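Here is the structure we will look at.
Because the structure is predicted, anything quoted here is derived from the model rather than measured.
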Amino acid sequence: MNKCFISDIEYSHNNYRFDVIGVNLEENKIIILETKVSLNDYKKDNKKDNYIECCNELYIITNDYSVKLESEKNRNITGIIYYDTLRNSINVYKNDITNNNVKLNKDEVVKKIYNKYWNKIHKI
């Protein structure tokens, strides 16, 4: 189990807002997860195709089978995390898409997440 992982929800960078961003400190990777609840939600998100520029791996999370099928066609996506409601199971489908020329700086992401929560933690 990887214990060197830091993450945040609704992380903003420039004109983007990622549903979930995580930094794997051991593997030096940035991973973005985008949740799509419907095919319409998936299709109207024009920015998602550029998210791979900001991370090493980009995953779509959905429980909508039509989103899963549409995501499989997208070559900018590393994988799909699909919750099958009929079988009550989570399946991860991964392809070979990895970006090694990430525009986001891992250390800046970690610092921004740390600073976001430091005051909340410090007050406890």
Only pairs under 3.5 Å count here: list side-chain donor-acceptor contacts from residues 37-44, not counting sequence neighbours, and write none if there are none.
from  : atom 1 : to    : atom 2 : distance (Å)
Ser38 : OG     : Asp41 : N      : 3.0
Asp41 : OD2    : Val37 : N      : 3.0
Tyr42 : OH     : Asn74 : ND2    : 3.2

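In this structure, the salt bridge (Lys or Arg N to Asp or Glu O under 4.0 Å) partners of Lys68, at least two apart in sequence or on a different chain, are Glu72. Tyr51 pairs by the ring-ring contact (aromatic ring centres under 6.0 Å, His included) definition with Tyr16, Phe18, not counting sequence neighbours.
Checking Thr62 against Asp64 by side-chain atom types alone, no donor-acceptor pair falls below 3.5 Å.
A 4.5 Å side-chain heavy-atom check between Ile77 and Ile52 finds every atom pair outside the cut-off. Side-chain contact check for Glu34 versus Asp45: some heavy-atom pair is nearer than 4.5 Å. Counting heavy atoms from C-beta outward, Ile31 and Cys55 have side chains that stay 4.5 Å or more apart. Looking only at side-chain heavy atoms (C-beta outward), Ile6 and Asn24 stay at 4.5 Å or farther from each other. Contact check for Asp8 versus Tyr117: side-chain heavy atoms found under the 4.5 Å cut-off. A heavy-atom distance below 4.5 Å is not found between the side chains of Glu57 and Ile30. Looking at heavy atoms from C-beta onward, Lys116 lies out of side-chain contact with Tyr11 at the 4.5 angstrom threshold.
For Asp107 against Asn105, the heavy-atom pair with the smallest separation is N-OD1, 2.8 Å. The minimum heavy-atom distance between Ser71 and Ile60, with the atom names listed, is OG-CG2, 3.7 Å.
With values rounded to the nearest 0.5 angstrom, Asp19 atom CG is found 8.5 Å from Leu33 atom CG.
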Checklist entry - Is there a salt bridge (Lys or Arg N to Asp or Glu O under 4.0 Å) between Glu108 and Lys106 once you walk through the steps? => result CA-CA 5 Å; Glu108 289 176 17; Lys106 173 191 66 88; over 6 Å; no

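Residue Asn15 places its CG atom among 12 or fewer non-hydrogen atoms of other residues, nucleotides or ligands, all under 6.0 Å distant.
Between Lys36 and Glu70 there is no salt bridge, since no side-chain N of the basic residue sits under 4.0 Å from a carboxylate O of the acidic one. The residues Lys103 and Glu53 are annotated as salt-bridged, a charged nitrogen and a carboxylate oxygen being separated by less than 4.0 angstrom.
Note on Tyr65: it does not cluster hydrophobically with Ile61, by side-chain heavy-atom contacts below 4.5 Å among ILVMFWY residues.
Between Tyr83 and the options Asn88, Asn91, Asn63, a side chain to side chain donor-acceptor pair (under 3.5 Å) holds for only Asn88.
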